[in-house]
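The structure appears right after this line, and notes come after that.
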Amino acid sequence: MAKIVAVHGIGQQFKGDAIIHREWWPALLSGLHLAGADLKDECELDCAFYGHLFRKPGSLAARDSYGPNDVASGEALLLELLWQAAAEIEPQTVPSPDAYARDETLARIPQLIQRALSALSRSSFWANLSQAAMIGDLKQVVLYLNDRDINEKVLQIVVGKIAPDTRVVIGHSLGSVVAYEALCRRPENVTSFLTFGSPLGIRNLIFEKVTPLPNTMGIGAWPGRVKTWTNISDRGDIVALEKKLAPFFGNEVHDILVNNGSDAHHGERYLTTKDAGEAIAAALWERKS
């Protein structure tokens, strides 16, 4: 079994485990090379794929029918947070949501949902994606967190990949939430947890909904037997609304900021950083990261 298990994020339903492995393997090696390490066997990386669970049966385009009226309340709240973050990060291209009345919400005004979708389409995160695709991505997050059937199916796939000899688990975007819950359920001998562009710190919508729930002091459970948790985010990554996860899960979390360029949320760009390579190398060869 693989020493490294990686868990992808949203919008991957038209790919597969082999495709993601083909994309992530050279990126992982590049990060390791910067850290002065290397891996020879591609089988050391296993990519847990769950995207097919969000692909509509009998359709060549799973997201081609969504419109503003399909945005439910939970999705609207997430949409509003992403809009606010994108406007702060890219004020020259993304209009601010501050113009709409403070006593209204996106969930109550369909026109504002349309405006938010239009604004986010100008962001680098959702550039070149249709509004239907954007809505579909939002729905994947909300479905995973609120649909027990989907949640369990996703977790079974990821938990099934964590073997006794697995040492590193990597979670990107929504995959960081999935990987966290999987590690809490099946820790095995995983010593290193890496999260890239993680939304785990989004209050009310994500942080308070993970399993196990945060304690009465508002601190999330530590994932399994993990010795080192490295959380890497880009300042321009709107999905990682909270760049630091230490305030949520304890000071043992090592929070790192990187620069991924124009595609801040891209999983492979996170993997190619020296920071990611050092964290992975430290776990595989018991180095100091």
Side-chain angles (χ1 to χ4, degrees), residues 2 4-28 42 45-66 70-72 74-75 78-79 82 125-162 166 168-183 185-186 194-200 202 205-206 209-211 237-240 263-271:
I4 306 169
V5 171
V7 188
H8 66 81
I10 58 176
Q12 304 299 304
Q13 61 269 31
F14 296 117
K15 294 185 178 180
D17 56 351
I19 294 173
I20 292 177
H21 188 284
R22 185 182 66 204
E23 295 171 348
W24 283 36
W25 174 250
L28 184 147
E42 293 186 10
L45 172 67
D46 198 353
C47 296
F49 183 73
Y50 62 88
H52 62 288
L53 297 174
F54 297 106
R55 186 168 183 166
K56 290 183 178 179
S59 173
L60 294 176
R63 304 180 294 187
D64 59 1
S65 59
Y66 292 128
D70 297 310
V71 177
E75 296 149 17
L78 180 57
L79 179 62
L82 295 176
F125 175 63
W126 266 325
N128 303 318
L129 278 185
S130 67
Q131 289 188 3
M134 293 161 61
I135 296 169
D137 286 349
L138 291 170
K139 286 185 176 295
Q140 289 185 17
V141 176
V142 175
L143 272 173
Y144 174 76
L145 291 167
N146 295 282
D147 187 309
R148 290 296 93 190
D149 182 56
I150 287 290
N151 179 277
E152 185 60 30
K153 286 179 179 178
V154 172
L155 279 174
Q156 283 182 6
I157 291 170
V158 177
V159 165
K161 294 290 186 179
I162 300 175
T166 303
V168 181
V169 170
I170 302 169
H172 173 237
S173 189
L174 175 61
S176 68
V177 182
V178 178
Y180 170 80
E181 293 192 327
L183 278 173
R185 180 181 294 192
R186 183 173 180 178
L194 277 74
T195 47
F196 301 153
S198 176
L200 271 167
I202 299 179
L205 292 175
I206 294 181
K209 291 190 176 183
V210 295
T211 302
D237 189 341
I238 65 173
V239 175
D263 202 345
H265 189 62
H266 203 271
E268 289 95 295
R269 294 201 182 185
Y270 277 116
L271 274 171

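FYI, side chains are in, hydrogens and waters are out, and symmetry mates aren't considered; it's all heavy atoms of this structure. Computed from a prediction, not measured in an experiment: that's the story for all the values here.
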Over all heavy atoms of both residues, which pair between [X] and [Y] is shortest? Give the atoms and the distance, please.
X	Y	answer
Gly11	Gln140	N-OE1, 3.1 Å
Gly197	Asp237	CA-OD2, 3.2 Å
Ile162	Ala182	CD1-CB, 4.1 Å
Arg269	Asp263	NH1-N, 3.4 Å
Ser173	Pro199	O-CD, 3.2 Å

Minimum side-chain heavy-atom gap [X]-[Y] below 4.5 Å:
X	Y	answer
Tyr270	Ile170	no
Lys209	Val177	no
Val169	Val158	no
Ile19	Arg22	yes
Leu138	Val142	no
Leu143	Leu53	no

Next item on the list: Just do the side chain to side chain contact (heavy atoms under 4.5 Å, CB included) check on Leu145 and Leu205 with the steps written out, would you?
Entry: CA-CA 8 Å; Leu145 291 167; Leu205 292 175; 5.7 Å; no

To the nearest 0.5 Å, what is the distance between [atom1] on [X] and [atom2] on [Y]?
X	Y	atom1	atom2	answer
Ile135	Ser130	CD1	OG	8.5 Å
Leu79	Met134	CG	CE	7.0 Å
Lys15	Glu23	NZ	CD	3.5 Å
His265	Ile10	NE2	CD1	6.0 Å
Phe125	Leu82	CZ	CG	7.0 Å
Ile157	Lys153	CD1	NZ	9.5 Å

Strictly distance-based, threshold 3.5 Å: is any side-chain N or O of [X] a donor or acceptor partner for the main-chain N or O of [Y]?
X	Y	answer
His172	Leu271	no
Lys139	Tyr66	no
His52	Gly16	no
Thr166	Ala2	yes
Arg185	Val159	no

Next item on the list: Report the residues that fulfil side chain to side chain contact (heavy atoms under 4.5 Å, CB included) with Asn151, sequence neighbours left out, ordered by chain and then residue number.
Entry: Tyr144, Arg148, Leu155, Glu181

Notebook entry, point to check: What class does the angle between the rings of Phe54 and Tyr50 fall in, given that below 30° is parallel, 30 to 60° is tilted and above 60° is perpendicular?
Noted result: perpendicular

